[in-house]
Amino acid sequence: MKALVCNTPGEFTYINKEMPSVEDGMVLLKMRRLGICGTDYHAFEGTQPFFEYPRILGHEIAAEVVEAGGGANFKTGDLVTISPYFYCGKCIACRSGRTNCCVNIKVFGVHIDGAMQEYITVPATAIVSGEGLTVDELALIEPLAIGAHGVGLAQLNKGDTVVILGAGPIGLGTIAFAKISGAEVIVIDVNDNRLSFCSERLGITHTINPLKTDVLEQLSKITDGEMAKVVIDCTGNLNAINNAFKFLAHTGKFIMIGLQKGTIEVVHPEFHKREAVLMSSRNALPHDFAYVIDCIRKGLVKPMDFITHNVPFTEVKEKFNHLLQANESLIKALISFDE
Ligand SMILES: [Zn+2]
Ligand SMILES: [Zn+2]
């Protein structure tokens, strides 16, 4: 079988591998679709910290069950996705059910080899079945679950004003789930294409491009001077994050889904007088996956709207650079495997 290895930043090679063997508790999957994520682009560019090479990338999976090892209850042909955050089950986070931030976490396709290969084996416990969903939809569940998790942490009430920074693939999912929660969503992004996508496809009334408008002034106008009950960052941009503390209402909550490497600066009196909360949102939990699947089944979220590019697995090596540069038009690119 074929696999695509990222040998070193900027370099992919197709290799031939032995078919993996199926041990007890493991399931052999045939890949059908794979979403390409910001993490994959950063790993390829070499800007992902603590990344080790060579590595097989890919964690946004739609696959077909080929064979289930002893103790695994799946039928051949079942279409599934996986929760790619393999956890230890023993650490302080796992013991409180927060396996998404396990101390010893191994993310499939990040810390261990992932799914840019024709067949993979994963623990049966990682499999999420998505009966009734298409392979394209299944590949979008994981990135959508990231947004759903962040929105869940915000504990929104109907009518709360939420500012979402960044309308990339993760941001768009976050926007969709905040909207489903009944919040009044305001989207900030520098890309007008993405802002029009938010107004046209996601029904967002207020979008702001900070390159063209004074955000603070605009926000104050929209919220009658109260500002945002919740700010969710999906940019992972230090400047955007530091700036956005000013957008918080008194009693507000700031949630960071995006990740960056720098030090965040908070003006203490400003933060203090608001009795504000700052929290990070990492990966997602099983209930987030279930919620996303439920929303897709009900037609509340339409993953197909996010898919703008599709590349056959055999052409990923030659087309990856092109995808990296397709920033303006790209929302989500999927890799298709032969059936
Ligand atoms: Zn991802
Ligand atoms: Zn753990």
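Predicted model only: the values in this text are computed from it and were never measured. Start at 1 and go down the list; that is how both ligands and their atoms are numbered.
- Within 6.0 Å of CD in E23 there are 12 or fewer heavy atoms belonging to other residues, nucleotides or ligands.
- A salt bridge is absent between K221 and E217: the closest approach of a Lys/Arg side-chain nitrogen to an acidic carboxylate oxygen does not fall below 4.0 angstrom.
- The closest side-chain heavy-atom distance from T76 to E67 is not below 4.5 Å.
- Listed by first and then second residue, the salt bridge (Lys or Arg N to Asp or Glu O under 4.0 Å) pairs that reach into residues 24-48 are R32-E64, R32-E339, R33-D136, sequence neighbours excluded.
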Acceptor/donor pairs from residues 172-187 side chains to any protein atom, 3.5 angstrom cut, sequence neighbours excluded:
| unit_1 | atom_1 | unit_2 | atom_2 | d |
| --- | --- | --- | --- | --- |
| T174 | OG1 | I170 | O | 2.7 |
| K179 | NZ | G203 | O | 3.4 |
| S181 | OG | F177 | O | 2.9 |

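- Note on D305 versus R201: salt bridge recorded, some NZ/NE/NH1/NH2 to OD/OE distance being below 4.0 Å.
- If you look at the Zn ion (ligand 2), the protein N, O or S atoms less than 2.8 Å from it are C88 SG, C91 SG, C94 SG, C102 SG.
- Using the six-membered ring where Trp is involved, F12 and F320 have ring planes that are perpendicular, over 60° apart on the 30 and 60° scheme.
- The two residues S83 and V128 have their closest heavy-atom pair at N-CG2, 4.0 Å.
- Within the sub-2.8 Å shell of the Zn ion (ligand 1), the protein contributes these N/O/S atoms: C37 SG, H59 NE2, E60 OE2.
- When every heavy atom of V163 is checked against every heavy atom of A228, the shortest pair comes out as CG2-CB, 3.6 Å.
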